[in-house]
Amino acid sequence: MNGRNLFLPILLVLAVGVLVVCPFCGMTDIPVSTLWGGTSDDPAVRILWQLRLPRVLTAFLAGSGLALAGMAMQAMFRNPLATPYTLGIASGASLAAVASVYFGLTFTLGGFSSRSLSAFLGALGTIGLVYGLARRKREFSITTLLLAGIALSFFFSSLILLFQYLGDPNETYRMIRWMMGGLDRVVGFGDLSTLLPLVAVGSILLAALTNELNLLATGEVLAAARGVSVDRTRKLIFFAASLVVGGVVSVCGPISFVGLIVPHITRLLVGPDHRRLTPATLLMGGIFLTVCDTFARLVIAPAELPVGILTALLGGPFFLGLLLRNRS
């Protein structure tokens with residue numbers, strides 16, 4: 001077994017280790033016996049089962065989904081700088097969430113809060129709008145797709161700033177805090193159960209397209225010559241990635257750069273073959289965001305750093321490094 005084949009089992013062991021260790025990391029010491037002992041009135045039991053364990057599992061799921069979506073986008077655009085946020089999905093979701101705060105919407109439907117539901121619907125609306133703009137005379141244009149996503153992202157960001165300016169200080173703070181991206185709102189397993197089917201469906205679709213992703217990464221002409229329905233495959237990738245990103249943003253807010261950093265590093269470690277790259281990226285994404293969130297909980301304790309700030313601090317220099325490396 002060569003090094004690249006060995007890396008996947010190593011990632012699996014690391015993922016299990018992260019899921020086992022991270023729930024016990026925090027300001028409050030929680031004994032391992034809390035897993036099978038203690039009563040519902042025990043503070044350690046409540047902290048573990050209502051706060052830390054749901055948060056760790058949600059972070060792992062969100063990181064896996066964002067990383068897979070980034071991997072698919074990079075293959076579809078044939079560009080290591082592509083991310084799921086390139087198409088304006090996060091900006092559309094953020095705009096809808098900010099609007100729900102500004103207009104004072106407070107309700108719960110199907111496990112979604114008004115803000116989460118608004119964010120998810122905003123993501124879906126952006127998907128439909130970008131996709132409609134990309135279809136010209138029944139042709140699916142990648143260039144138009146990219147430019148439409150960038151243009152809408154700037155436009156939505158301007159509207160977000162407008163809502164923040166018009167809102168009162170409390171509303172503005174809530175808007176800004178949500179847009180930082182984080183998992184501090186995760187309490188209990190409700191958010192996890194909401195996010196799981198969305199990420200699962202999108203991930204299964206992307207995992208079923210590994211051969212198509214391999215061929216698309218080499219070029220559309222070659223992929224078409226090998227029998228790939230390029231237009232249909234693009235649509236499936238677009239739908240699956242957008243479903244995952246919309247679900248994650250609706251629960252966690254816009255957590256940036258996971259879809260850029262993780263696929264690129266994983267590709268360097270296991271190679272470009274998506275049959276290995278897909279499961280490795282899924283595990284690496286979960287490990288990355290879970291570790292980042294755990295560090296964010298501890299670095300300025302007793303306060304907490306939103307994990308979206310931490311991933312942006314890591315992703316900004318990483319993006320510049322890729323940009324300089326690929327400047328030609």
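Since the model is a prediction, treat every value here as computed from it, not as a measurement.
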ask   = With a 4.5 Å heavy-atom cut-off, do R78 and L216 have their side chains touching?
value = no

query = Can you check side chain to side chain contact (heavy atoms under 4.5 Å, CB included) on M71 and L213, steps first, answer last?
reply = CA-CA 9 Å; M71 178 202 73; L213 287 169; 4.0 Å; yes

message = Classify the ring geometry of H264 against F318: parallel below 30°, tilted from 30° to 60°, perpendicular beyond 60°.
response = perpendicular

message = Applying side chain to side chain donor-acceptor pair (under 3.5 Å) as the test, list every pair that has at least one member in residues 50-69; sequence neighbours left out.
response = R55-D293, R55-E304

key: Point-to-point distance, once rounded to the nearest 0.5 Å, from CG of D273 to OG1 of T210   = 8.0 Å

task = Hey, could you give me the CE/OG distance between M179 and S91, rounded to the nearest 0.5 Å?
result = 7.0 Å

query = Should L162 and Y102 be counted in the same cluster of Ile, Leu, Val, Met, Phe, Trp and Tyr side chains packed under 4.5 Å apart?
reply = yes

ask   = Stepwise, does the side chain to side chain contact (heavy atoms under 4.5 Å, CB included) test hold for F288 with T266?
value = CA-CA 11 Å; F288 176 78; T266 310; over 6 Å; no

task = Apply side chain to side chain contact (heavy atoms under 4.5 Å, CB included) to L313 and I309, showing your working.
result = CA-CA 6 Å; L313 288 172; I309 294 178; 4.1 Å; yes

task = Measure the spacing between CZ of F155 and CG of L95 and express it to the nearest 0.5 Å.
result = 8.5 Å

message = side chain to side chain contact (heavy atoms under 4.5 Å, CB included) for V244 and L198? Distances and angles first, verdict last.
response = CA-CA 6 Å; V244 170; L198 300 174; over 6 Å; no

R267: side chain to side chain donor-acceptor pair (under 3.5 Å) partners, not counting sequence neighbours = Q74

note = The reported gap from CE in M284 to CG in L8 (rounded to nearest 0.5 angstrom) is 10.5 Å

remark   = Tightest non-hydrogen contact, residues V249 and A93, listed as CG1-CB, 3.3 Å

message = Within the structure provided, determine whether D191 and L195 are in side-chain contact (heavy-atom separation under 4.5 Å).
response = no

request  = Could you tell me whether F239 atom CZ has more than 12 heavy atoms of other residues or ligands within 6.0 Å of it?
outcome  = no

Any donor-acceptor pair under 3.5 Å from T278 side chain to R275 backbone = no

query = Does T172 reach the main-chain N or O of Q164 with its side chain, forming a donor-acceptor pair under 3.5 Å?
reply = yes

Plane angle bin for F163 and F103 - parallel if under 30°, tilted between 30 and 60°, otherwise perpendicular = perpendicular

Minimum heavy-atom distance C252-L183, with the two atoms named = SG-CD2, 3.6 Å

Heavy-atom side-chain contact between W178 and P254 under 4.5 Å = yes

ask   = Is any side-chain heavy atom of F60 less than 4.5 Å from a side-chain heavy atom of L19?
value = yes

remark   = So CG of L282 and CG of L68: to nearest 0.5 Å the spacing works out to 4.5 Å

query = Are I300 and L310 connected, step by step, through hydrophobic side chains (Ile, Leu, Val, Met, Phe, Trp, Tyr) whose heavy atoms are closer than 4.5 Å?
reply = yes

ask   = Do L298 and V18 belong to the same hydrophobic cluster, where Ile, Leu, Val, Met, Phe, Trp and Tyr are linked whenever their side-chain heavy atoms lie under 4.5 Å apart, directly or via other members?
value = no

message = Testing I160, L159, I176 one by one against V98 for a side chain to side chain contact (heavy atoms under 4.5 Å, CB included), which residue passes?
response = I160

message = Measuring only between side-chain heavy atoms, which start at C-beta, is L57 closer than 4.5 Å to L61?
response = no

query = So if you build clusters from Ile, Leu, Val, Met, Phe, Trp, Tyr with side-chain heavy-atom gaps below 4.5 Å, do M180 and L161 land together?
reply = no

request  = Using a strict 4.0 Å threshold on nitrogen-to-oxygen distance, state whether D184 and R297 make a salt bridge.
outcome  = no

request  = Could you tell me which non-hydrogen atom of A312 sits nearest to which non-hydrogen atom of P317, and how far apart they are?
outcome  = O-CD, 4.4 Å

ask   = Can you name the nearest heavy-atom pair linking P263 to V258, along with the distance?
value = CD-O, 3.6 Å

request  = Taking R174 for its side chain and V101 for its backbone only, find out whether a donor-acceptor pair lies under 3.5 Å.
outcome  = no

inquiry  = Checking the side chain of T290 only, and the main-chain atoms of I287 only, is there a donor and an acceptor separated by less than 3.5 Å?
reply    = no

remark   = Heavy atoms of P302 and M27 approach each other most closely as CA-SD, 3.2 Å

inquiry  = Nearest 0.5 Å, please: how far is CG in L53 from CD1 in I47?
reply    = 13.0 Å

message = For residues 117-127, which residue pairs pass the side chain to side chain donor-acceptor pair (under 3.5 Å) check, not counting sequence neighbours?
response = none

query = Can you name the closest pair of heavy atoms from L283 and A15 and give their distance?
reply = CD2-CB, 4.0 Å

task = Measure from the side-chain N and O atoms of T311 to the backbone N and O of S256, and report whether any donor-acceptor pair falls under 3.5 Å.
result = yes

query = Looking at side-chain heavy atoms only, is the closest gap between S193 and F189 below 4.5 Å?
reply = no

message = Please determine whether residues V56 and V20 belong to a single hydrophobic cluster, defined as Ile, Leu, Val, Met, Phe, Trp and Tyr linked transitively by side-chain heavy-atom distances below 4.5 Å.
response = no

